[in-house]
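One structure is given here, and the rest of the page talks about it.
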Amino acid sequence: MHIQTILEAKVKEAVLSIFNKNLPVVEFQPTRKDFEGDITIVVFPMLRTLKGNPAQIGAQIGAFLEEQVDEVRSFNVVKGFLNLVLKDAFYVDFFNAIKNTSNFGFVSTVASDAIMVEYSSPNTNKPLHLGHIRNNLLGYSVAEILKASGKKVYKTQIINDRGIHICKSMLAWQKMGNGETPESTGLKGDKLVGNYYVAFDKAYKAEVAEMVANGIDEKTAAKEASLLLAAQEMLLKWEAGDEEVVSLWKKMNGWVYNGFEITYQNLGVNFDKLYYESDTYLLGKDVVADGLEKGVFFKKEDGSVWIDLTEEGLDEKIVLRSDGTSVYMTQDIGTAIQRVKDYADINGMVYTVGNEQDYHFKVLFLILKKLGFSWAEHLHHLSYGMVDLPSGKMKSREGTVVDADDLMIEMTNTAAKISEELGKLEAYSAEDKKELYQMVGLGALKYYILKVDPKKRILFDPEESVDFQGNTGPFIQYTHARIQSILRKVKDTDVELNTTIKTLEVLHPKEKELIKQLQLFPDIIQLAAKNYSPAVIANYVYDLVKEFNSFYQQVSILGENNLDKKTFRVQLSQKVGEVVASGFKLLGIEVPDRM
RNA sequence: GGUGGCAUAGCUCAGCUGGAUAGAGCACCUGCCUUCUAAGCAGGCGGUCCUAGGUUCGAAUCCUAGUGCCAUCACCA
């Protein structure tokens with residue numbers, strides 16, 4: 001049983017027996033480092049129930065606990081804080097209990113409680129950039145964290161593969177492409193298509209400028225430029241199923257998917273199910289018709305359909321245009337329902353989308369609730385802040401983006417450079433080195449992004465490279481490599497990795513701190529899941545590693561003469577290594593055995 | 001203008017349900033590699049927790065008002 005649960009019951013018992021009062025709650029906190037003790041009971045809140053001097057009350061309860069609770073060795077009272085010192089045996093017992101459980105801290109999946117996590121969901125006309133990286137890392141990591149917390153998870157994305165913007169790149173390729181392909185140019189498919197999207201925009205702007213020069217006013221020119229009209233015509237053909245257009249669309253989208261797939265692979269993310277907007281964009285209309293009957297929606301004179309959310313403090317929101325065509329909201333309603341049809345065990349969804357769409361999702365969730373779906377109670381918008389550059393917002397059309405592929409290559413190169421300078425890997429093959437550099441470079445990038453609270457915006461300065469020292473991914477990976485190095489050496493010694501640890505006379509303070517830190521991991525996973533926050537995991541792993549390095553420095557592990565102590569330290573190190581690895585796995589970051 | 005988010009050290013960030021002297025990293029300054037990987041460890045420097053009120057035994061944390069930055073409020077996606 002959790003020590004806190006035991007103590008809570010005992011404190012209540014103490015209060016009842018000493019003061020003859022019933023205490024509603026007991027407040028705990030970890031003892032601050034500057035005081036002696038492991039766990040602290042705050043006496044102040046008890047003053048609502050009890051009358052008297054907090055220090056005195058604390059002392060009386062402390063004496064009771066010391067007497068009655070086996071795990072408590074001693075206590076001290078500072079002002080209204082009752083600090084309890086726990087016996088070393090308590091920590092050793094805990095360690096023995098967890099050291100051989102694989103996946104310590106993870107809760108096994110409850111199959112009935114499935115959740116779908118959507119992330120990435122890019123347009124198919126431009127390559128992925130730094131903003132997508134944040135989205136992907138967050139979505140993937142939150143999915144992993146939810147799994148670890150006991151949920152069944154489906155990872156998904158909806159690919160925005162239709163619409164006027166797609167036609168623009170298609171048109172540009174048709175007109176200026178000369179039959180170029182990814183193969184013929186050596187370009188990644190998404191990059192090639194992205195280039196044509198930019199080319200369209202350039203040609204279109206030139207055309208508009210020329211029309212304006214010829215005396216046409218700007219608004220009219222923007223609407224009537226022949227390129228735009230041609231793109232619109234192409235969209236109509238696509239919708240009508242025109243063979244030529246559809247086959248071009250398939251071809252170019254195929255290029256993009258191949259390109260994206262490479263980026264996803266390098267980024268280390270994946271999906272269980274893909275949705276395509278071309279399949280889903282007509283969904284939702286029937287639901288709107290239903291909702292209209294039920295009175296959830298209402299129709300205006302012009303035939304457009306709305307929902308009134310003024311009672312919820314929002315506006316009226318359109319769900320169907322007067323010509324009967326869908327808006328984005330219609331589609332999202334339909335898609336959500338479709339997902340539950342596809343996976344009957346879904347009881348909630350997470351949408352990983354930037355915070356600029358906070359309003360949209362607020363409305364979407366409200367509508368789904370009003371339509372009466374039970375799963376609508378468990379919808380969450382994983383909203384995150386933008387990644388901005390010192391020059392401001394990233395804009396694809398203006399070329400002010402940090403390309404995802406380029407950035408990953410750059411990070412890998414930096415890792416290679418630092419590693420070469422340190423020169424520890426002479427024995428490695430070129431291939432192993434390459435793999436390691438990628439692991440470290442990406443580790444730096446991923447950690448850099450995930451350690452920040454999702455809600456906050458990130459300012460990314462490409463000039464100032466991401467750090468590899470201090471509170472960084474490589475620092476944590478390095479600690480893991482150190483631990484593995486010890487474990488490799490252990491093989492030639494008489495240390496057993498699986499024996500039960502005997503209760504030692506005195507635990508080193510650093511050993512105790514490490515076990516305390518390990519104890520937190522299960523709660524940390526739950527907290528991270530509850531808050532949808534990989535940052536919680538990142539910060540925890542950092543604290544653990546920090547603690548380990550301090551231990552490593554102060555205490556000799558393999559140099560210890562006493563075999564029991566040596567064994568304990570090796571096993572403790574091993575467990576820390578495991579937790580670092582599984583924590584990082586939740587962030588989608590790999591850890592090396594050497595670096 | 002309405003709504004939502006954010007504001008903590010020079011910079012990047014932690015700070016759980018209110019609790020003890022507000023913590024890390026980077027940068028800057030000191031030490032520590034003949035002993036387990038120095039991408040490390042130990043120490044120093046550095047704070048009106050945006051401002052003003054309020055609630056409380058106690059506020060960076062909760063409430064109110066204000067300031068600044070960002071987003072959003074389309075028959076666009």
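All chains are named by letter (A, B, ...) in the order of the sequence lines, taking the proteins before the strands, and each is independently numbered beginning at 1. Small disclaimer: the values here were computed from a predicted structure and weren't measured.
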N/O donor-acceptor pairs under 3.5 Å from side chains in residues 530-542 of chain A, not counting sequence neighbours:
| unit_1 | atom_1 | unit_2 | atom_2 | d |
| --- | --- | --- | --- | --- |
| Ser533(A) | OG | Ala535(A) | N | 3.4 |
| Asn539(A) | ND2 | Ala535(A) | O | 3.0 |
| Tyr540(A) | OH | Gln517(A) | O | 2.7 |

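Looking at residues two or more places apart in sequence or on another chain, you find no side chain to side chain donor-acceptor pair (under 3.5 Å) involving Glu410(A). With sequence neighbours excluded, the residues that form a ring pair (Phe, Tyr, Trp, His ring centres under 6.0 Å) with Phe81(A) are Phe44(A). The ring pair (Phe, Tyr, Trp, His ring centres under 6.0 Å) check on Phe28(A) picks up nothing, with sequence neighbours excluded. Residues that satisfy the ring pair (Phe, Tyr, Trp, His ring centres under 6.0 Å) test with Tyr276(A), not counting sequence neighbours, are Tyr257(A). Every residue meeting the ring pair (Phe, Tyr, Trp, His ring centres under 6.0 Å) condition with Phe551(A), not counting sequence neighbours, appears here in chain and number order: Phe548(A).
Geometrically, Lys299(A) does not engage Trp306(A) in a cation-pi contact, judged by NZ or CZ lying under 6.0 Å from the ring centre and within 45° of the ring axis.
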Discussion item. Salt bridge (Lys or Arg N to Asp or Glu O under 4.0 Å), that's the test. Do Glu312(A) and Lys362(A) meet it? Break it down for me.
Written reply: CA-CA 10 Å; Glu312(A) 283 79 9; Lys362(A) 209 180 267 181; over 6 Å; no
Worksheet entry | Residue pair Tyr384(A), Asn135(A): steps toward the side-chain hydrogen bond (donor to acceptor under 3.5 Å, both in side chains) verdict | CA-CA 8 Å; Tyr384(A) 59 90; Asn135(A) 181 304; 3.0 Å; yes
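Within the structure, every side-chain polar atom (N or O) of Arg457(A) is placed at least 4.0 Å from both OP1 and OP2 of rC70(B). Note on Arg482(A): a side-chain N or O is less than 4.0 Å away from OP1 or OP2 of rA38(B). Between Lys79(A) and rG58(B) there is no side-chain polar atom (N or O) within less than 4.0 angstrom of OP1 or OP2. Between Ser485(A) and rC36(B) there is no side-chain polar atom (N or O) within less than 4.0 angstrom of OP1 or OP2. Between Arg569(A) and rC36(B) there is no side-chain polar atom (N or O) within less than 4.0 angstrom of OP1 or OP2. Dashed line: the shortest gap from a side-chain N or O of Ser550(A) to OP1 or OP2 of rA42(B) is under 4.0 Å.
Checking rA22(B), rA14(B), rU37(B) against the side-chain heavy atoms of Val452(A) singles out rA14(B) as nearest. Picking from rG40(B), rC36(B), rA20(B) the nucleotide with the shortest atom distance to the side chain of Leu558(A) gives rC36(B).
For the P atom pair drawn from rA9(B) and rA71(B), the interatomic distance equals 23 Å after rounding to whole Å. Taking atom P on both nucleotides, rG23(B) is separated from rG40(B) by 23 Å, rounded to a whole Å. Straight-line distance between the C1' atoms of rC57(B) and rA52(B): roughly 24 Å, to the nearest whole Å. Between the C1' atoms of rC13(B) and rG58(B), the separation comes to 27 Å (whole Å).
Between Leu442(A) and Ile589(A), every side-chain heavy-atom pair lies at or beyond the 4.5 Å cut-off. Side chains of Leu84(A) and Ile41(A) form a contact here, defined as non-hydrogen atoms less than 4.5 Å apart. Annotation: side chain of Pro122(A) is in contact with side chain of Gln157(A) (closest heavy-atom distance under 4.5 Å). Looking at Ile307(A) and Met329(A), their side chains never come closer than 4.5 Å, going by heavy atoms from C-beta outward. Between Val42(A) and Pro45(A) there is a side-chain heavy-atom pair separated by less than 4.5 Å. Counting heavy atoms from C-beta outward, Lys424(A) and Arg594(A) have side chains that stay 4.5 Å or more apart.
Residues from residues 320-336 of chain A lying near RNA chain B, meaning a heavy-atom separation below 4.0 Å, are Arg321(A), Ser322(A), Tyr328(A) in numerical order. For RNA chain B, the neighbouring residues in residues 438-451 of chain A, judged by any heavy atom under 4.0 Å, are Val440(A).
For an aromatic pair to be called close, the ring centres must be under 6.0 Å apart, and Tyr351(A) with Phe365(A) satisfies this.
In this structure, Glu316(A) places its CD atom 11 Å from P of rA74(B), rounding to the nearest Å. We find that CD of Gln477(A) is positioned 18 Å from P of rU37(B), with the value rounded to whole Å. As rounded to whole Å, 16 Å separates atom P of rC36(B) from atom CD of Glu560(A). When rounded to the nearest whole Å, the span between CD1 of Ile318(A) and C1' of rC73(B) equals 15 Å. The nearest whole Å value for the distance from the CG atom in Asn123(A) to the P atom in rC76(B) is 17 Å. Atom P of nucleotide rC41(B) and atom CD1 of Ile557(A) are separated by 14 Å, given to the nearest angstrom. Distance Gln574(A) CD to rC36(B) C1': 15 Å, rounded to the nearest Å. Here the P atom of nucleotide rC76(B) and the NE2 atom of His360(A) are 14 Å apart, to the nearest Å.
Evaluation of Tyr478(A) against the base of rG40(B) yields no stacking contact (centre distance < 5.5 Å, interplanar angle < 30° required). Residue ring and base: Phe44(A) does not count as stacked with rG58(B) (centre distance below 5.5 Å and interplanar angle below 30° not both satisfied).
Nearest-nucleotide mapping onto RNA chain B: of Gln553(A) and Asp388(A), the residue sitting toward the 5' end is Gln553(A). With the nearest nucleotide of RNA chain B identified for both Lys317(A) and Pro45(A), Pro45(A) has the one nearer the 5' end.
Counting only N and O atoms by type, the side chains of Glu420(A) and Tyr437(A) include a donor and acceptor under 3.5 Å apart.
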Can you give me the N/O atom pairs linking the protein to nucleotides 25-29 of chain B at distances under 3.5 Å, or say none if there are none?
| unit_1 | atom_1 | unit_2 | atom_2 | d |
| --- | --- | --- | --- | --- |
| rG25(B) | OP1 | Lys546(A) | NZ | 3.2 |
| rG25(B) | O2' | Asn471(A) | N | 3.1 |

Pairs under 3.5 angstrom, nitrogen or oxygen only, protein versus nucleotides 2-6 of chain B, please.
| unit_1 | atom_1 | unit_2 | atom_2 | d |
| --- | --- | --- | --- | --- |
| rC6(B) | OP1 | Lys455(A) | NZ | 3.2 |

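Residue pairs meeting the side chain to side chain donor-acceptor pair (under 3.5 Å) criterion with at least one member in residues 317-329 of chain A, sequence neighbours excluded, are Arg321(A)-Thr325(A), Asp323(A)-Thr325(A).
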Worksheet item: How does RNA chain B read in dot-bracket, base by base from 5' to 3', with Watson-Crick or G-U pairs under 3.5 Å and | used when the partner is on another strand?
Response: (((((((..((((.....[...)))).(((((.......))))).....(((((..]....))))))))))))....
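Looking at Thr40(A), its side chain comes within 3.5 Å of the base of rA20(B) through a donor and an acceptor atom.
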